Protein chains: 2
Amino acid sequence: MTIAQPGDRRGPVQIRDVGDGDWAQVWPFLRDIVAAGETYCWPRDTTEAAARTWWLGKPGGRVLVAVDEGRVVGTAELHPNQPAAGRHVANAGFLVAPSAAGRGVGRALAVRTLEVAREAGYRAMQFNAVVETNIAAVALWVSLGFTVLATVPAAFDHPRHGLVGLHVMHRPLTEPAAG
Amino acid sequence: MTIAQPGDRRGPVQIRDVGDGDWAQVWPFLRDIVAAGETYCWPRDTTEAAARTWWLGKPGGRVLVAVDEGRVVGTAELHPNQPAAGRHVANAGFLVAPSAAGRGVGRALAVRTLEVAREAGYRAMQFNAVVETNIAAVALWVSLGFTVLATVPAAFDHPRHGLVGLHVMHRPLTEPAAG
């Protein structure tokens, strides 16, 4: 994914908290991404009700949307990766409408989500299951300071590639200790 | 944990599926283990209702108990680590009553759970959050063929040790391909 270029005739995407009317615009591209089955461990025929609970209903969660000229073209959800003794590490999910690919929407969502996580007091962000064939996502996270802690072998049944690995990725959100 | 020695006057622990009346014996030691806060990312004041849903209610889950002379002294729960495209990898949780420590209950539960997972068609077992200071558990898993794929740094707030790592551990359940 690339940041929108200076010559792009559209302005930068706006990132804000999800509002009451946004779900109707999120659902169509969430449905399409889940139905493709290439990036999320979710039933490809997930119902709208289940998807809404999944995306909007996580305990301690916060949801952002990316808005491009009034249209919701992406979303991120941030929540504790574990409860209680593990709640200081965040997990997050990201979705960008395929029709908006290549305009930096994912990067803008990612940068803002990292800021929000830091402001909320999380000390790190962890992803448990980044599909290793999702090259654009992996490259984005690496460019934003994440490392691949491990790749769980053959953990994801990809509809085209068969069994592929799932990356566990991690990024501290704390400043380095003063030297 | 060690296997019961030949001189032990008691017989080996029996492992079977959980029955209707078992929860009442599971809850007291589950409560104590969770309240100690040293091995699970669960609220230390978890209610009985929440604990029961957590342990017995996972989608696609199966629960075993370890029985020693008619008394439930341990339990294991097995479930898919991820849904859909990730459902062929199992996750599991284990609890042994502190009063039964050192008699091989954890090992007996672990061995049987691995068998059950293999019989159910899982291709691997993964743990997402083994507290690195839980030396007995880590040693048990390594002795049963698990490897530490990664240690997520400072991911667990231990009541005595402060921030410690969480191991991601993994073991294939498939036979090696014929040479």
Side-chain angles (χ1 to χ4, degrees), chain A residues 34-46 50 54 59-60 80-91 122-131 133-134 146-174, chain B residues 34-46 50 54 59-60 80-91 122-131 133-134 146-174:
Chain A
V34 169
E38 301 197 346
T39 51
Y40 277 91
C41 291
W42 258 67
R44 295 172 68 178
D45 59 353
T46 295
W54 169 42
N81 192 48
Q82 300 278 357
R87 70 181 170 222
H88 58 286
V89 178
N91 184 267
Y122 288 111
R123 300 173 62 93
M125 187 175 289
Q126 177 180 347
F127 304 136
N128 303 307
V130 180
V131 181
T133 52
N134 190 358
F146 282 77
T147 54
V148 175
L149 289 185
T151 305
V152 185
F156 186 84
D157 191 3
H158 192 287
R160 292 185 292 121
H161 303 303
L163 293 175
V164 299
L166 287 174
H167 292 320
V168 178
M169 301 189 74
H170 181 271
R171 184 199 197 281
L173 297 175
T174 48
Chain B
V34 169
E38 300 196 347
T39 52
Y40 277 92
C41 291
W42 258 66
R44 297 171 68 176
D45 59 353
T46 295
W54 169 44
N81 192 48
Q82 300 277 359
R87 69 180 171 223
H88 57 286
V89 177
N91 183 267
Y122 288 110
R123 298 174 64 92
M125 187 174 288
Q126 176 180 346
F127 303 136
N128 304 306
V130 180
V131 181
T133 51
N134 191 358
F146 282 77
T147 54
V148 176
L149 290 186
T151 305
V152 185
F156 185 85
D157 191 4
H158 192 288
R160 292 184 291 120
H161 303 301
L163 293 175
V164 300
L166 289 174
H167 292 321
V168 178
M169 301 189 73
H170 182 269
R171 183 197 197 283
L173 297 174
T174 49

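The figures that follow rest on heavy atoms only: side chains count, while hydrogens, waters and symmetry mates do not. Order of the sequence lines fixes the chain letters, A, B, ..., with proteins taken first and strands second; residue numbering starts at 1 for each chain. For clarity, every value in this text was computed on a predicted model and none was experimentally measured.
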*Find the one option among A:V168, A:L163, A:V89 whose heavy-atom pairs under 4.5 Å with chain B are most numerous.*
A:L163
_Contact winner vs chain B - A:V152, A:L166, A:N128, heavy-atom pairs under 4.5 Å_ = A:V152
*Which one of B:P159, B:P172, B:G86 has the most heavy-atom pairs closer than 4.5 Å to chain A?*
B:G86
*By a 4.5 Å heavy-atom criterion (distance strictly below it), what part of B:A124 contacts chain A: side chain, backbone, both, or neither?*
neither
*Close side-chain approach of B:N81 to A:C41, heavy-atom, < 4.5 Å*: no
*Side chain, backbone, both or neither: which part of B:R123 has an atom under 4.5 Å from a heavy atom of chain A?*
side chain
_Looking at B:R87, I want to see if its CZ is surrounded by more than 12 non-hydrogen atoms of other residues, nucleotides or ligands under 6.0 Å._
no
*Is it the backbone or the side chain of B:P153 that comes under 4.5 Å from a heavy atom of chain A, or both, or neither?*
both
_Straight-line distance of B:F156 CZ to A:H88 NE2, nearest 0.5 Å_ = 9.5 Å
*Check whether A:T46 gets within reach of chain B through its side chain, its backbone, both or neither, counting any heavy atom under 4.5 Å.*
neither
